[in-house]
**Student:** 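Sharing a structure below in structure tokens format, with a few things to ask.
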Amino acid sequence: GALGTPLVQTWIRSEFPIPEAGLVVLFIAVYSGMELHFSTLTRAFYATGRILWMLPFTLFHTTVTLAASAPLARSYGIVGVAAMNMAIDLVQFVPITYITLRILAPRERFAPFLLRTALILGVGAFMATLGWAMTGHVAPGRTSLYWCFALGIPGAVTLAVLLGSRVGLM
């Protein structure tokens, strides 16, 4: 997208055009939302002294990253690496949530908790996709920045609705 290109160019310190930079921004946005979810769960394990339960997920993430980053970068560039990071988190979403509930909150019902979590993450993914779609049709420059700020408004409204609704965060 038009906004993605300057963001990725700044991030990797390149003046060359980055094909599909908007996809990189979209994948990293979804990945970042998932990582926030995972870091919250990880903190709960730290707080209860049960951090070793996170070891299998850390090993999986590390192994896939080490094995797949170079081949994906050669074949698909930075888009492939960004997609890999997002895919790793999507694959781990259900198992890490399940383990967290079974170990730390065994009385909590899994399906409703997973649904609430998926709804919250889904709103973030929707906003990331909306941002990608909207900025892809805007010329770089000030107008792109206006879109960034404008996308924050529905995000803030969504957060207020979630906090005030029965869906809630927990």
Side-chain angles (χ1 to χ4, degrees), residues 1 3-4 7-8 11 20 22-69 72 76 78-136 147-170:
L3 178 62
L7 286 174
V8 174
W11 178 38
E20 303 301 328
L23 278 178
V24 173
V25 173
L26 172 64
F27 293 157
I28 294 301
V30 172
Y31 165 79
S32 295
M34 299 293 290
E35 283 298 310
L36 181 61
H37 172 65
F38 295 151
S39 69
T40 302
L41 299 180
T42 301
R43 286 183 182 102
F45 278 100
Y46 268 111
T48 59
R50 298 175 179 175
I51 192 60
L52 286 178
W53 282 97
M54 291 291 99
L55 184 60
F57 301 104
T58 302
L59 291 175
F60 173 76
H61 196 149
T62 303
T63 302
V64 172
T65 300
L66 288 172
S69 289
L72 286 170
Y76 303 101
I78 193 170
V79 174
V81 176
M84 174 200 67
N85 280 307
M86 183 182 70
I88 288 170
D89 281 359
L90 290 173
V91 165
Q92 293 192 118
F93 174 65
V94 172
I96 199 169
T97 304
Y98 179 80
I99 292 296
T100 301
L101 286 184
R102 290 303 133 243
I103 302 305
L104 300 179
R107 289 187 222 172
E108 180 76 33
R109 291 183 27 226
F110 176 67
F113 183 84
L114 186 66
L115 178 61
R116 287 192 309 264
T117 304
L119 285 171
I120 293 165
L121 292 172
V123 169
F126 172 76
M127 295 303 296
T129 303
L130 184 63
W132 168 71
M134 292 171 78
T135 59
W147 278 114
C148 279
F149 292 118
L151 285 171
I153 294 168
V157 170
T158 303
L159 180 60
V161 169
L162 282 173
L163 290 173
S165 73
R166 294 195 66 145
V167 172
L169 299 177
M170 287 299 277

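Below, each value reflects all heavy atoms present in this structure, side chains not excepted, and no hydrogens, waters or symmetry copies. For this chain, numbers begin at 1 and follow the sequence in order.
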**Student:** How long is the span from the CD1 atom in I99 to the CD atom in Q92, to the nearest 0.5 Å?
**Tutor:** 11.5 Å
**Student:** If you compare all heavy atoms of L101 against all heavy atoms of R109, which two are closest, and at what distance to 0.1 Å?
**Tutor:** CD1-O, 4.1 Å
**Student:** Show the nearest heavy-atom pair for residues P56 and L52, with the distance to one decimal.
**Tutor:** CD-O, 3.7 Å
**Student:** What's the separation between atom CD1 in I88 and atom OG1 in T62, rounded to the nearest 0.5 Å?
**Tutor:** 8.5 Å
**Student:** Nearest 0.5 Å please: distance from the OG atom of S69 over to the CG atom of N85.
**Tutor:** 6.5 Å
**Student:** Using every non-hydrogen atom in the two residues, find where M84 and V64 come nearest and quote the distance to one decimal.
**Tutor:** SD-O, 4.0 Å
**Student:** Could you check F38 against E35 for side-chain contact (heavy atoms from CB on, under 4.5 Å), going step by step and ending with a plain yes or no?
**Tutor:** CA-CA 5 Å; F38 295 151; E35 283 298 310; 3.9 Å; yes
**Student:** Which atom names give the shortest non-hydrogen contact between I96 and T100, and what distance separates them?
**Tutor:** O-OG1, 2.7 Å
**Student:** Answer yes or no: is there a side-chain heavy-atom contact under 4.5 Å between F27 and I78?
**Tutor:** no
**Student:** Nearest heavy-atom pair of A82 and I28: which atoms, and what distance?
**Tutor:** CB-CD1, 3.9 Å
**Student:** What distance do T58 atom OG1 and H61 atom NE2 have between them, rounded to the nearest 0.5 Å?
**Tutor:** 9.0 Å
**Student:** Identify the heavy atoms of V81 and L72 that sit nearest to each other, and give their distance.
**Tutor:** N-CB, 4.4 Å
**Student:** Once you measure the plane-to-plane angle for F93 and H37, does it fall in the parallel (<30°), tilted (30-60°) or perpendicular (>60°) bin?
**Tutor:** tilted
**Student:** Are F60 and V91 close enough that some pair of their side-chain heavy atoms sits under 4.5 Å apart?
**Tutor:** yes
**Student:** Flag yes if more than 12 heavy atoms outside R102 fall under 6.0 Å of its CZ atom; otherwise flag no.
**Tutor:** yes
